[in-house]
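Reading through the structure tokens given below for one structure.
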Number of protein chains: 2
Amino acid sequence: MPKRVDHTQRRIEIAEALIRVAGRRGLHAVGMRDVAAEADVSLRLVQYYFETKEKLLLFGLQLLAERFGERVAARVTAAEADPSPRATVEALLMAALPTDEESRTFHLLYTSYAVLAVTDQALAAQPFVRDPDAAEDALTKLLRQAQGAGLLSPGANPRLEAVTLLAMSAGLGTSVLVGQRGPEAAAEVLHHQLDRIFQESDHSSRM
Amino acid sequence: MPKRVDHTQRRIEIAEALIRVAGRRGLHAVGMRDVAAEADVSLRLVQYYFETKEKLLLFGLQLLAERFGERVAARVTAAEADPSPRATVEALLMAALPTDEESRTFHLLYTSYAVLAVTDQALAAQPFVRDPDAAEDALTKLLRQAQGAGLLSPGANPRLEAVTLLAMSAGLGTSVLVGQRGPEAAAEVLHHQLDRIFQESDHSSRM
DNA sequence: CTTTTCATGGTACAGCCGTATCAAATTGAT
DNA sequence: ATCAATTTGATACGGCTGTACCATGAAAAG
């Protein structure tokens with residue numbers, strides 16, 4: 001048999017090129033030829049590994065979500081060195097803000113995909129909802145643990161707070177993306193909200 | 001001189017057609033011919049009133065923002081019949097959620113424009129930031145008034161809460177748009193957040 | 001060797017897009 | 001009525017897009 005190439009690896013390389021060029025010029029502006037040029041391969045090769053553009057986009061979305069999930073997971077894991085549950089929660093939420101170029105690209109492209117999914121059924125069939133739900137579950141779990149440790153303000157509803165925090169984080173992320181405010185300002189808002197939920201200090205009863 | 005037509009009116013009609021078809025098929029999928037067909041005029045006419053597609057898009061965005069601003073203002077005004085400041089705030093935030101078709105279209109298109117503006121400088125130059133800032137100012141003002149009336153929880157920061165609420169509303173709106181949750185669930189989250197901010201004596205909360 | 005099968009390249013094609021061009025109506029002022 | 005400004009209409013053009021087609025290079029198997 002002829003030269004064997006790891007298809008999956010090649011597909012990843014090409015999809016990474018897609019993500020790069022889309023992050024620069026916008027998802028709407030990227031064509032097959034742009035991806036080929038960015039990946040430094042021929043147009044035919046892009047067609048070879050992804051028969052159609054739609055499949056390329058789907059794979060790109062998948063890869064994007066995967067990569068970002070890993071990024072968040074890594075930060076959360078790193079934060080778990082800190083015994084404080086709040087640090088973990090904070091790491092999770094902050095990782096979602098478009099602070100550096102990588103997260104900025106993620107935010108931009110994920111939003112682009114989401115907008116497309118509203119009117120494109122092929123994208124809508126993709127697990128767009130699954131990832132946010134996973135984040136919701138993970139955050140809820142963290143909050144529940146904190147609640148078990150008596151760190152949460154009384155009467156807090158972990159799931160509700162998780163939804164609230166994630167919605168805030170997403171909204172703040174978008175506002176940062178469009179330049180309405182800087183990442184620091186967004187972080188501050190998040191921080192303040194965490195202060196409210198993790199009401200550890202002003203509990204004067206120590207018996 | 002020939003038949004006099006109100007140019008502004010015609011431009012509005014055509015831009016409305018743009019908004020309709022873009023709300024249905026997505027902004028990325030709409031072309032000049034689609035707009036012409038939707039407005040039931042010839043392609044040439046669309047070119048006549050908007051020399052270029054870019055100008056059409058810009059005008060469409062402008063109209064969209066204007067219309068939505070009026071919508072929100074109308075709801076807020078209507079809510080002001082209710083003496084409770086909270087009702088006004090609630091009206092403002094709820095009007096931004098994609099509950100019916102009109103607000104759904106607004107959310108979809110505004111997000112589409114915002115995403116485009118990140119990589120397109122012509123759109124970025126548009127006052128994308130002005131409108132959110134206006135909403136922020138308006139909401140801050142409302143909260144300050146409520147605070148003056150002693151209705152807010154102690155130590156609340158009106159501006160910070162305004163930013164928080166709007167970010168949440170935007171994030172929740174997106175999640176509703178992509179079908180992650182229903183409008184009722186989003187409203188519930190918002191409602192709960194308002195319960196927290198408006199912490200005074202247990203008012204006779206109607207509804 | 002040859003053969004077979006995968007991998008790559010170049011290029012052509014049909015279609016759509018925004019825009020430009022060429023005409024023709026319509027209508028108010030002279 | 002005539003003229004000319006304004007508004008509408010049909011169509012053509014160049015460019016770009018995704019995809020299909022045909023060919024060739026490379027390397028393992030016979």
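First the proteins, then the strands, lettered A, B, ... as listed; each starts at 1. The shown structure was predicted, so the numbers you read here are calculated from the model rather than taken from an experiment.
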Pick out the pairs of N or O atoms, protein on one side and nucleotides 15-18 of chain C on the other, that lie under 3.5 Å.
residue: dG18(C); atom: OP1; partner: K53(B); partner atom: NZ; Å: 2.6
residue: dG18(C); atom: OP2; partner: M32(B); partner atom: N; Å: 2.9
residue: dG18(C); atom: N7; partner: R33(B); partner atom: NH1; Å: 2.7
residue: dG18(C); atom: N7; partner: R33(B); partner atom: NH2; Å: 3.4
residue: dG18(C); atom: O6; partner: R33(B); partner atom: NH2; Å: 2.9

Looking only at side-chain atoms of Q47(A), point me to the closest of dT19(D), dG9(C), dG9(D).
-> dT19(D)

Under the side-chain hydrogen bond (donor to acceptor under 3.5 Å, both in side chains) rule, collect the residues that match up with T99(B), sequence neighbours excluded.
-> none

Which nucleotide in dA7(C), dC22(D), dT21(C) has an atom nearest any side-chain atom of Y49(A) = dA7(C)

Sequence neighbours excluded, the answer for salt bridge (charged side-chain N to carboxylate O under 4.0 Å, His left out) partners of K141(A) is none

Tell me, please, which residues at least two apart from E38(B) pass salt bridge (charged side-chain N to carboxylate O under 4.0 Å, His left out).
-> R20(B), R24(B)

Qualifying salt bridge (charged side-chain N to carboxylate O under 4.0 Å, His left out) pairs with a residue from residues 180-191 of chain B, counting only residues at least two apart or across chains | E136(A)-R181(B)

Qualifying salt bridge (charged side-chain N to carboxylate O under 4.0 Å, His left out) pairs with a residue from residues 87-115 of chain A, counting only residues at least two apart or across chains = R71(A)-D100(A), R71(A)-E102(A), R75(A)-D100(A), R86(A)-E90(A), E101(A)-R104(A)

Scan for side chain to side chain donor-acceptor pair (under 3.5 Å) pairs involving residues 105-130 of chain A, sequence neighbours excluded, and state none if there are none.
-> none

Is there a residue in residues 9-21 of chain A whose heavy atoms reach under 4.0 Å of DNA chain C, and which residues are they?
-> R10(A)

Counting side-chain heavy atoms from C-beta on, which of dT21(C), dC6(C), dT7(D) comes nearest to Y48(A)?
-> dC6(C)

Whole-Å gap separating P (dT6(D)) and CG (D6(B)) | 15 Å

Kindly say whether A87(B) contributes a backbone atom to a donor-acceptor pair with the side chain of S84(B) at under 3.5 angstrom?
-> yes

Check whether any side-chain nitrogen or oxygen of H7(A) sits under 4.0 Å from OP1 or OP2 of dA7(C), and answer yes or no.
-> yes

By side-chain hydrogen bond (donor to acceptor under 3.5 Å, both in side chains), R33(B) pairs with (sequence neighbours left out) none

Quick note, S42(B) side chain, CB onward, closest among dC21(D), dG9(D), dA7(C) is dG9(D)

